[in-house]
Amino acid sequence: MELEAVAKALKELGHPTRLMIYKSIVRAGHQGVPVGGLQQKLDIPGSTLSHHITGLVSAGLLKQRREGRTLFCTAQYEQLQQVIGFLVDECCVDECNAD
């Protein structure tokens, strides 16, 4: 994953409200969560929720799908794994051996 994409994802997740929204969507699993249900659960005004969801979608962390009149948000778990992997893949590679 490229540095710029990881930086954008981390920037979006760095806002407390977006992180709370994202965590709720991740917890919902692969079926996703209806935006209306998310709004009620988190007690966030619709316009504010929409603004934050837009940022998470633009970072590739969420996808939205419409089923009839209901809009669902689903976490992009592969993207999440790539962001986490970017941070952990090279853990301690420059550590000197003290032997």
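Ala9 and Leu61 get closest at one heavy-atom pair: O-CD1, 3.9 Å. In plain terms, the two heavy atoms of Ile25 and Tyr77 that are nearest each other are O-OH, 3.9 Å. Minimum interatomic distance between Phe72 and Glu67 (heavy atoms only, all atoms of both residues): CE1-OE1, 3.7 Å.
Counted within 6.0 Å of CD on Gln31, heavy atoms from surrounding residues, nucleotides or ligands total more than 12; the atom is thus considered enclosed. Counting heavy-atom neighbours within 6.0 Å of Arg27 CZ, excluding the residue itself, gives a total of 12 or less. Environment of CG in Asp43: sparse, with no more than 12 heavy atoms of neighbouring residues, nucleotides or ligands closer than 6.0 Å.
For the pair Leu56 and Leu13, the minimum side-chain heavy-atom distance is below 4.5 Å. In this structure, the side chains of Glu4 and Lys8 stay at 4.5 Å or more apart for every pair of heavy atoms. Annotation: side chain of Ile44 is in contact with side chain of Met20 (closest heavy-atom distance under 4.5 Å).
Side chain of Glu12 to backbone of Ser58: no donor-acceptor contact under 3.5 angstrom is found.
The structure places CD1 of Ile21 at 10.0 Å from CD of Gln39, a figure rounded to the nearest 0.5 Å. Taking CZ of Arg65 as the start and SG of Cys73 as the end, the distance is 9.5 Å to the nearest 0.5 Å. Between atom CG of residue Leu42 and atom NZ of residue Lys23 there is a gap of 11.0 Å, rounded to the nearest 0.5 Å. To the nearest 0.5 Å, the span separating CG on Leu71 from CD1 on Ile53 amounts to 7.5 Å.
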In sequence, state the C-alpha distance, the side-chain angles, and the governing distance for Thr48 and His52, and then conclude on side-chain contact (heavy atoms from CB on, under 4.5 Å).
CA-CA 6 Å; Thr48 302; His52 289 304; 3.6 Å; yes
After noting the C-alpha distance and the side-chain angles of Val33 and Ser24, does the key distance pass the side-chain contact (heavy atoms from CB on, under 4.5 Å) rule?
CA-CA 8 Å; Val33 62; Ser24 293; over 6 Å; no
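Between Leu62 and the options Val57, Thr54, Val26, Thr74, a side chain to side chain contact (heavy atoms under 4.5 Å, CB included) holds for only Val57.
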